[in-house]
Protein chains: 2
Amino acid sequence: MRIALDAMGGDSGAPPLVKGAVMAVKRVDCEVLLVGDEEIIRQNLAACRCKSRRISVVPCSEVVGMCESPAESLKKTDSSISVAARLVREGKADALVSAGNTGCSLAHSLKNWGRLKGIKRPGIAHLMPTPRHPCLVLDLGAVVDCKPQHLLDFAIMGSVYSESILGRKRPTVGLLNNGEERSKGNALTLATYELLEHSHLNFVGNVEGGGIFEGDVDVVVCDGFTGNVVLKACEGAARMIMTGLKGVMKRNVFSLASALVLSPGMRKFKKRIDASEYGGAPLLGLNGICIISHGSSNARAVMNAIRVAGESVASGVNAHIIDELRVISEEIKIHEQAQVS
Amino acid sequence: MRIALDAMGGDSGAPPLVKGAVMAVKRVDCEVLLVGDEEIIRQNLAACRCKSRRISVVPCSEVVGMCESPAESLKKTDSSISVAARLVREGKADALVSAGNTGCSLAHSLKNWGRLKGIKRPGIAHLMPTPRHPCLVLDLGAVVDCKPQHLLDFAIMGSVYSESILGRKRPTVGLLNNGEERSKGNALTLATYELLEHSHLNFVGNVEGGGIFEGDVDVVVCDGFTGNVVLKACEGAARMIMTGLKGVMKRNVFSLASALVLSPGMRKFKKRIDASEYGGAPLLGLNGICIISHGSSNARAVMNAIRVAGESVASGVNAHIIDELRVISEEIKIHEQAQVS
C-alpha cells in the first residue's frame, strides 16, 4: 500500500507531517510518498533519524495556502496537493492524505480522479465526538445548494464508510433537521425523508442539532451549507467554553493548584473529544481515496489518517459504495413506480 | 406597564414563574397579570408571601405542553398562552412573557395580534453568549424556507432591537455563511448579501459559524432551519463538554477537592454564558411584544424577561422597526431602479 502525503499542507508545515509518516511506516503496513519541498522534507526526515526505505520523497515547487480558493489553486499544477493527486491517478500511489485546505484537496482530487460512477457530487465528511462512538457528519461544505438526491448519496456513502472503516454494524443514519417529528423540516429535508425511508439504509428519522453529540446515531446527513455552519459554530462554542474555563483556573494560586490536579484527566478528556484521533475525515464520492487530516494535526493524527487511507483502499470502500448506490437507486425507482401506478 | 405572564409554561411549571413575577414587581416599575390555574398560582403566591397589588391572577382552564404542535395548540382557546395573548390584544396588558413552547407562543401571538406592517414573516431571536456582549441571532425556526427579503427583514428587526433594547450603538449585522469571502454562500445568502449591502444597516459581511461566539458582531441573521440546527448543536456540544468535565472532576478525592476550589469561578462563568440572564429573547415582527424566556428559566431569568418586555414597550421598538423598514425598502428600490436603467 502506497500513500501519497501532501507534506506541505497543514497549519504547522512539514514537521508533524513528516513525523507522522515516519510513525506510520513503523506501525502500519504501508509506504509513504512525501510530496513537497525536497530540502525541507529531507531536513525533517534527518531530524527524525529516519532511514526507512518505505519513505520516499517526490519533489515539487509549489504550495497551496490554507486560505486559497479551490478554483485559484487548480492553476498550481506543481503544488504538493496537485502532484500527490496525480500520483494516485497515475497508479504510483493508492491513496492521498492531506492536512491542507479541504476545498483545494477536493478540487485537485476531483480534477485528477473524477467522481464515482452514479455520484452527482462528492461530499466532505467529518467525525464529531460523542460520549460513545464518533458520529460521521456529511456534507460539510462541498455542496451548499443540495437536492434530495445529493443527501441520499451522502447517506449511502456515509453508511458504507461507517460500516467498512469505522466498524459499525448496520450503521444508523439520521437526517439533520429542525425537529424530530416527521412533519418537521424545510423543503429539502421533507423531500429527502421520503427517499431515505424507502431505501434499505438503517434510517432512524430526523435528528436535531444536539443529536449529533449524543452518540445514538452513526451517520448524520445534511446539506453542505448547514453542515459547514454547524461544525464551525460548535468549534466556536467549544473554544469559548475552554477559554472561559482556563480563565477560571488562572484566577488565583489555589485555582491554579486545582487545575494542576485536574490536568491529567483534562488531557485525557480533550484527547477523547479530539476528532483527529479517529484518523481524519474522508472525501466521499471521488473515484479514489482522499483522507483529510485537520490543519492542526499532530504526528499521531497524521499517522492515523495514513492508517485510515490504507484501510479505505484495502476494504474496497468505493466499490461497496457503487454497489449500494445501484441497489438503492433500484429501490427508489420501484417506490416511485408504485406511487405512479 | 402591565405584563401578561403565561404562568403555566416552562419546564418546572408555576413556581419559578410566580417567583419571578414577585421579584419583578418589587424591582421593575410594572404590574404582572399571572395567567393560568388560579389555585396553583395562589398557592405559589402564598409561598412567596406576596400580597402586592401589582400582581393579579387571570384564571384559565387549559395548558399547552412543551411538546405540542403550534397548529394543535391553537385549538386550546382557554390555555394560559392563548388567554395571555388575548389580554394584550384587548389592551388589558401591554406585553406578553412566556417560558413555554416557543412555536406555540409565536402561533398564539400571531393569531391574536397579526404581523407588523411590512413584515412578511416574524422571526424568533436568541441571545448567544460571547466573551463580550451577547450576540442576537435570528431566525431560530419560525421560517425554515426563507427568501432573501425575509433575511433582510430579520436584519432590520434585529438591528433595531439590538439598538433599542440591548443598547448597542449602530449595531453591526452579519450574515451567517459557510465562509467570510463575499463569493461564498448558497443561493439564499448570495442574494441576501446584495440586499444587505445596499441598505444603510451596519452590515459587516459574512460571518462563519464560529463568529457567533467571538463578540465581534451584534446581530447575526440566518434562515430558521440553519438557526435552529446551529442553536441546538451548540447546546449539545456544550452539554457534552460540561458532562465530560464533571466526569474529570469526579475521578477521585483529589479531583473532587480541586473541583470544590474551582466551583465559585465555575458558577460565575456558567452564569455569564447563560443567555437567560440577558432577559429572554424576543419574537420579532409581531404587532405586539412577546418575550420568550428559556423553558428552564429560574425566577431571576423570568424577572429579567418581564423587565425586557417592559423596556420593549416603553422604547417603542415596533414603531422603530416600521420606520426602518420603510426607509430601507426605499433604499433597495432605488438600488434596483439604478440597476435596471
Side-chain angles (χ1 to χ4, degrees), chain A residues 69 128-131 141 144-146 176-179 181 183-189 208-214 222-245 247-249 251 254-255 257-262 265-266 268-269 272-273, chain B residues 69 128-131 141 144-146 176-179 181 183-189 208-214 222-245 247-249 251 254-255 257-262 265-266 268-269 272-273:
Chain A
S69 90
M128 302 282 216
T130 85
V144 291
D145 285 301
C146 277
L176 192 61
N177 213 338
N178 64 317
E181 306 88 329
S183 61
K184 288 276 184 150
N186 58 12
L188 173 65
T189 56
E208 292 191 308
I212 295 171
F213 299 99
E214 282 165 11
C222 58
D223 68 274
F225 180 86
T226 306
N228 186 285
V229 170
V230 163
L231 172 70
K232 289 178 187 162
C234 291
E235 286 178 348
R239 211 161 34 232
M240 185 190 62
I241 293 174
M242 291 318 231
T243 308
L245 290 177
V248 169
M249 289 175 175
R251 278 175 89 207
F254 302 108
S255 62
S258 303
L260 212 63
V261 173
L262 294 174
M266 288 284 277
K268 218 167 156 182
F269 172 64
R272 192 164 66 70
I273 64 168
Chain B
S69 91
M128 301 282 217
T130 85
V144 291
D145 284 301
C146 277
L176 192 61
N177 214 336
N178 64 316
E181 306 88 329
S183 60
K184 287 276 184 149
N186 57 13
L188 173 66
T189 57
E208 292 191 310
I212 294 171
F213 300 98
E214 281 164 13
C222 59
D223 68 275
F225 180 86
T226 306
N228 187 286
V229 170
V230 163
L231 172 70
K232 289 177 185 163
C234 291
E235 286 178 348
R239 210 162 35 236
M240 185 191 63
I241 293 174
M242 291 318 232
T243 308
L245 290 177
V248 169
M249 289 174 175
R251 279 177 87 206
F254 301 108
S255 62
S258 304
L260 212 63
V261 173
L262 294 173
M266 288 285 275
K268 219 167 155 182
F269 172 66
R272 193 164 68 67
I273 64 167

Heavy-atom closest contact ([X] atom, [Y] atom, distance):
X: A:Val248; Y: B:Gly265; result: CG2-O, 3.6 Å
X: B:Ala187; Y: A:Asp145; result: N-OD2, 2.9 Å
X: B:Ala233; Y: A:Val230; result: CB-CG1, 3.8 Å

Approximate separation, where rounding is to 0.5 Å, of [X] [atom1] and [Y] [atom2]:
X: B:Leu262; Y: A:Arg251; atom1: CG; atom2: CZ; result: 9.0 Å
X: A:Asn186; Y: B:Thr226; atom1: CG; atom2: OG1; result: 8.0 Å
X: A:Thr243; Y: B:Phe269; atom1: OG1; atom2: CZ; result: 8.0 Å

Part of [X] lying under 4.5 Å from any heavy atom of chain A:
X: B:Thr189; value: side chain
X: B:Met242; value: side chain
X: B:Leu245; value: both
X: B:Asn228; value: side chain

**Request:** Starting from the C-alpha separation in whole Å, work towards a yes-or-no answer on side-chain contact (heavy atoms from CB on, under 4.5 Å) for B:Met240 and A:Met128.
**Result:** CA-CA 11 Å; B:Met240 185 191 63; A:Met128 302 282 216; over 6 Å; no
**Prompt:** Hey, which of A:Asn177, A:Leu176, A:Asn178, A:Ile212 has the most heavy atom pairs under 4.5 Å with chain B?
**Reply:** A:Asn178
**Item:** Residue selection (most heavy-atom pairs with chain A, distance under 4.5 Å) from B:Gly236, B:Ser69, B:Gly209, B:Gly141
**Value:**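 Ranked by contacts with chain A, first place is B:Gly209.
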**Complete:** The interface call for A:Lys268 against chain B, heavy-atom contacts under 4.5 Å, is side chain
